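Computation of the quantities below employed the complete heavy-atom set of this structure, encompassing side-chain atoms and omitting hydrogens, waters and symmetry-equivalent molecules. All values reported here derive from a predicted model rather than from experimental measurement.
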Amino acid sequence: MANEAKPCPCDIGDRMEYGGLGQEVQIEHIKAYVVKPPTSSDKAIIVIQDIFGWQLPNTRYIADMLSSNGYMAVCPDFYVGKEPWKPSDDWSKFQDWLQDKKATNINKEVDAVLRYLKEQCGAKHIGVVGFCWGGVATHHIALQYPEIKAGVCVYGVIRMMDDKYELKSPTLFIFGEKDEAIPLDQVSTLEAKLKEKCTVDYQVKIFPGQTHGFVHRKREDINPADRASIQEARTDMLNWLNKYM
């Protein structure tokens, strides 16, 4: 899901056969995948799933990548036990499926994860990274939680709100030029409105020729033409977090 008005053509892409380096834990009323860095750190990243859910191996791969770069990473089940979307599901029923999974209705879960990171993990600097549905959720968090040090919205943006530009956290927005769910005019409007209204740092970056899902659902090892963009976007994500965390 790239925005609320038009569901994304969310091809599962290159689903990884990947087990993950972390473990599943219970955080109050939700489950989460947690992976710790090689050395102790007071920096943590909340990694927010796409429509395929918190157990998608591709998303856990990103969490592990963040961990290997010195961050504790936690990928909570923001659907709170409800079934994620499946590649075999009927797209005509997508809006019905989405009704009880609004990316802007997650504050209870965010608050629980923040308590866990602060009280049980000693986190003092917390950022957020989200993909697709999780990109919308990251945009929402960046508007609501000034304590978040940095956000990275990857092909996801809030549309159905007027007050969506006054970010509280420095935020990087990553888009693909060929994303059918987020037309470039939406991206241009976002950038223009942020320039007008946003008082914190932000960046909007468009990757030429790339489609929805390229950062986490395309495998660079089997998509050589896309490798440079995939790696550049992931490097941009890390650089943004490193700068503000």
Side-chain angles (χ1 to χ4, degrees), residues 1-18 20 24 26-27 29-33 46-63 75-110 112-113 128-144 152-162 164 173-187 189-190 210-219 223:
M1 167 178 170
N3 60 57
E4 300 95 324
K6 180 181 178 183
C8 71
C10 271
D11 185 340
I12 190 68
D14 305 318
R15 183 174 180 133
M16 295 179 179
E17 297 300 324
Y18 180 76
E24 294 184 4
Q26 189 75 33
I27 300 176
H29 64 293
I30 50 177
K31 293 181 179 179
Y33 173 79
I46 303 171
V47 181
I48 307 184
Q49 68 215 44
D50 60 17
I51 63 170
F52 298 109
W54 71 295
Q55 293 180 311
L56 184 72
N58 304 55
T59 307
R60 295 190 174 191
Y61 177 82
I62 296 292
C75 182
D77 177 14
F78 277 99
Y79 297 160
V80 197
K82 302 182 187 78
E83 283 293 315
W85 190 255
K86 298 186 294 296
S88 59
D89 285 343
D90 181 353
W91 279 105
S92 69
K93 298 179 179 177
F94 181 81
Q95 292 296 341
D96 292 336
W97 170 86
L98 189 62
Q99 283 304 308
D100 61 352
K101 304 175 190 70
K102 295 294 186 183
T104 53
N105 188 28
I106 58 171
N107 288 41
K108 181 180 178 181
E109 287 67 51
V110 173
V113 174
V128 183
V129 172
F131 304 89
C132 180
W133 185 95
V136 180
T138 299
H139 188 177
H140 170 74
I141 292 170
L143 291 165
Q144 298 265 331
V152 182
C153 298
V154 189
Y155 28 78
V157 63
I158 292 174
R159 277 196 55 188
M160 308 302 284
M161 284 172 48
D162 293 327
K164 57 191 175 188
F173 294 86
I174 293 174
F175 299 103
E177 180 192 22
K178 302 296 186 182
D179 190 331
E180 295 179 15
I182 308 179
L184 291 181
D185 63 335
Q186 288 185 22
V187 179
T189 298
L190 171 70
Q210 288 304 321
T211 57
H212 195 80
F214 78 97
V215 180
H216 80 301
R217 288 205 303 261
K218 278 187 178 178
R219 282 175 49 183
N223 294 281

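The backbone N or O of Lys31 lies less than 3.5 Å from no partner atom in the side chain of Trp54, so there is not a single donor-acceptor pair. Side-chain N or O atoms of His139 include one that pairs as donor or acceptor with a backbone N or O of Lys164 at under 3.5 Å.
Side chains of Asn107 and His140: a donor-acceptor N/O pair is present below 3.5 angstrom, by distance only.
Taken from NZ in Lys178 to CZ in Phe214, the straight-line distance is 13.5 Å, to the nearest 0.5 Å. Atom CD of residue Gln144 and atom OG1 of residue Thr104 lie 9.0 Å apart, to the nearest 0.5 angstrom. Going from atom CG of Leu98 over to atom NZ of Lys93 covers 15.5 Å, rounded to the nearest 0.5 Å. A distance of 9.5 Å separates CG in Asn58 from CZ in Phe52, rounded to the nearest 0.5 Å. Here the straight-line distance linking atom NE2 of His216 with atom CG of Leu56 works out to 6.0 Å at 0.5 Å rounding. Rounding to the nearest 0.5 Å places CG of Asp179 at 9.0 Å from CG of Leu184.
The two atoms that bring Gln49 and Trp133 nearest to each other are O-CE3, 3.7 Å, heavy atoms only. Cys132 approaches His212 most closely through the heavy-atom pair SG-NE2, 3.3 Å. For Ile106 against Ala137, the heavy-atom pair with the smallest separation is CD1-CB, 3.6 Å. Pro76 approaches Ala32 most closely through the heavy-atom pair CA-CB, 3.7 Å. Residues Val129 and Thr138 share a closest heavy-atom pair of C-OG1, 3.6 Å. Heavy-atom minimum distance, Val215 versus Ile62: O-CD1, 4.4 Å.
In this structure, the side chains of Ile48 and Ile141 come closer than 4.5 Å at one or more pairs of heavy atoms.
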* Please report the C-alpha distance between Lys86 and Asp89 in whole Å, then the side-chain angles of each, then the deciding distance to 0.1 Å, and finally whether the salt bridge (Lys or Arg N to Asp or Glu O under 4.0 Å) criterion is met. => CA-CA 5 Å; Lys86 298 186 294 296; Asp89 285 343; 3.4 Å; yes
* Pair Val47-Phe131, side-chain contact (heavy atoms from CB on, under 4.5 Å): steps then yes or no -> CA-CA 8 Å; Val47 181; Phe131 304 89; 4.2 Å; yes
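Note on ring orientation: taking the six-membered ring where Trp is involved, the planes of Phe173 and Phe175 are parallel (angle under 30°, cut-offs 30° and 60°).
Within 6.0 Å of the NZ atom in Lys82, the count of heavy atoms belonging to other residues, nucleotides or ligands exceeds 12.
In this structure, Trp85 has its ring center no closer than 6.0 Å to that of Tyr79.
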